[in-house]
Number of protein chains: 2
Amino acid sequence: MPKILVVEDEPDMLRGLRDNLAFEGYEVVETSDGNEVQRLVGSEQPDLILLDVMLPGMDGFEVCRQLREAGYTTPILMLTARSQEIDVVRGLELGADDYITKPFGVRELLARIKAALRRGGGVEGMTEHLRIGEAEVDLLRGQVRRAGRTYPLGHYESEILRLLTERAGQPVTRATLLDKIWGTDAFPTDRTVDNHIVSLRRKIESDPRQPVHILTVHGVGYKFIP
Amino acid sequence: MPKILVVEDEPDMLRGLRDNLAFEGYEVVETSDGNEVQRLVGSEQPDLILLDVMLPGMDGFEVCRQLREAGYTTPILMLTARSQEIDVVRGLELGADDYITKPFGVRELLARIKAALRRGGGVEGMTEHLRIGEAEVDLLRGQVRRAGRTYPLGHYESEILRLLTERAGQPVTRATLLDKIWGTDAFPTDRTVDNHIVSLRRKIESDPRQPVHILTVHGVGYKFIP
DNA sequence: GGGTCATGCCAAAGATCCTGGTCGTTGAAG
DNA sequence: CTTCAACGACCAGGATCTTTGGCATGACCC
């Protein structure tokens with residue numbers, strides 16, 4: 001079950017959040033001190049952070065900024081009584097994923113948590129390292145490892161694979177691939193896309209003639225299945 | 001620039017949204033008919049959907065449900081005057097990524113759109129996007145943008161730059177670069193490294209003959225200065 | 001300042017990637 | 001079942017990347 005870090009200095013609020021989250025089955029780690037957050041994120045590896053803005057000492061905005069600067073991508077939901085637009089904008093621009101103003105209903109909070117966890121854990125395109133069947137894909141290095149062999153991924157192969165995984169489960173047209181990847185710099189033909197797909201299958205699929213992950217959607221384009 | 005599908009039946013609201021989004025640089029596709037949405041998502045492949053809940057005919061909840069059921073993972077932001085908790089929860093549980101109640105500020109809306117786009121496909125780790133002087137480096141795509149031009153980064157150029165930036169401030173020997181990047185697969189000469197450095201400087205430094213970031217440490221190797 | 005070694009720059013060759021065309025196979029529609 | 005369009009597989013040519021070697025320039029030491 002997902003682990004949630006709750007950062008809240010009001011004892012009653014902290015207890016309320018902890019109890020409700022625990023009742024929902026989440027594992028809860030808590031602190032009331034903004035200075036503790038980064039250490040806890042590093043050691044506890046939570047799946048989501050509920051972050052009160054008005055903390056003593058380092059406030060929630062600063063905590064969020066530092067986490068993002070340090071490279072953490074954990075979903076952050078800010079909680080606060082400060083509901084002015086400028087505060088909302090500030091929190092979201094600092095890198096928060098959602099901004100919930102008090103008072104809020106527990107059901108709404110839980111629904112927003114679920115929405116954030118749904119995105120944070122389920123989308124495969126968010127990461128540069130992928131496991132696709134037996135293949136380990138490193139999009140950063142442009143490399144696939146499968147069955148004891150290492151295959152290089154060219155620039156365009158990487159881009160195509162990335163777009164398909166970002167849109168896992170949904171058909172992507174060749175026109176979209178051409179538009180999003182080649183843009184207005186070049187105008188290759190559909191055949192170019194097809195060739196790259198064949199090459200990707202050869203590198204990734206256990207049996208390229210019977211692909212399991214990189215599927216053709218006849219008359220539409222291609223689809224990625226995780 | 002990202003493409004946004006706006007689903008809104010009030011003409012004034014639709015115009016307002018369209019104008020503001022276009023002003024921000026987004027490409028806007030619009031419809032006032034919930035029955036059109038799935039077709040448009042398929043044909044236009046928007047990066048995000050702004051979905052009014054109270055539409056004539058098929059309402060926003062049903063549109064959202066059908067999109068998710070069909071496997072589309074495009075971020076959906078619901079807009080509505082219905083701000084009861086039960087509606088918020090319903091929208092989020094149907095698969096919306098955010099639920100924004102009218103009236104809302106344009107700045108808040110834009111910030112939430114950016115947050116959703118950031119998560120949806122634009123989130124890159126901190127080490128993959130670098131700003132080096134005037135140059136914007138995208139290690140994931142193997143690309144440098146500087147002075148209005150775009151330069152490709154080859155596989156090895158990217159690897160060298162990545163290692164140097166990971167060890168910013170420290171001199172890195174050619175032997176280390178060769179060992180860490182080429183390993184035991186190949187045994188190129190020092191000259192190979194030197195040539196890649198020259199190429200990197202040409203792409204990244206404002207004045208490659210007087211480098212500020214990718215420096216030579218005489219008799220040792222090279223050093224990156226942020 | 002002079003000598004020596006390290007590094008920048010350049011050119012060319014080889015390897016790899018990308019692209020388009022052709023032909024055979026497959027899928028979908030009538 | 002037949003027909004036609006879509007797609008897979010393959011091949012070859014052109015573009016780009018990587019590597020090596022040679023020469024010029026710069027840095028360092030005496």
Worksheet item: Ignoring hydrogens and geometry, is there a side-chain-to-backbone donor-acceptor pair from Arg201(A) to Ile214(A) under 3.5 Å?
Response: yes
Worksheet item: Distance-only, no hydrogens or angles: does the Arg174(B) side chain make a donor-acceptor pair with backbone N or O of Thr192(B) under 3.5 Å?
Response: no
Worksheet entry | Short side-chain to backbone donor-acceptor contact, Asp97(A) and Leu77(A), under 3.5 Å | no
Worksheet item: Just by modelled atom types, is the Asp12(B) backbone N or O under 3.5 Å from a matching donor or acceptor in the Glu10(B) side chain?
Response: no
Fill in: Strand-adjacent residues in residues 142-151 of chain B, judged by heavy atoms under 4.0 Å from DNA chain C
none
Fill in: For chain B, the stretch of DNA chain C it reaches, first to last nucleotide, under 4.0 Å of its heavy atoms
dA6(C) to dC10(C)
Discussion item. Taking His213(A)'s backbone N and O only, do any of them form a donor-acceptor pair with Glu205(A)'s side chain (distance below 3.5 Å, no angle check)?
Written reply: yes
Item to complete: Please determine, by modelled atom types, if Asn20(B) and Tyr26(B) share a side-chain donor-acceptor pair under 3.5 angstrom.
Response: no
Worksheet item: Could you run down nucleotides 4-15 of chain D 5' to 3' and tag each one B, S or - for protein heavy-atom contact under 4.0 Å?
Response: --SBBBB-----
Worksheet, complete the sentence: Heavy-atom nearest nucleotide on DNA chain C taken for Asp190(A) and for Leu153(A); more 5' hit belongs to Leu153(A)
Worksheet item: Only one of Glu157(A), Glu136(A), Glu134(A) forms a salt bridge (charged side-chain N to carboxylate O under 4.0 Å, His left out) with Lys203(A), so which one is it?
Response: Glu157(A)
Worksheet entry | Thr192(B) side chain near dT18(D) phosphate (N/O to OP1/OP2, under 4.0 Å) | no
Worksheet item: Under 4.0 Å between a Lys/Arg side-chain N and an Asp/Glu carboxylate O for Asp47(B) and Lys180(A)?
Response: yes
Worksheet item: Of Val7(B), Val63(B), Leu40(B), which is the lone residue that meets side-chain contact (heavy atoms from CB on, under 4.5 Å) with Ile49(B)?
Response: Val7(B)
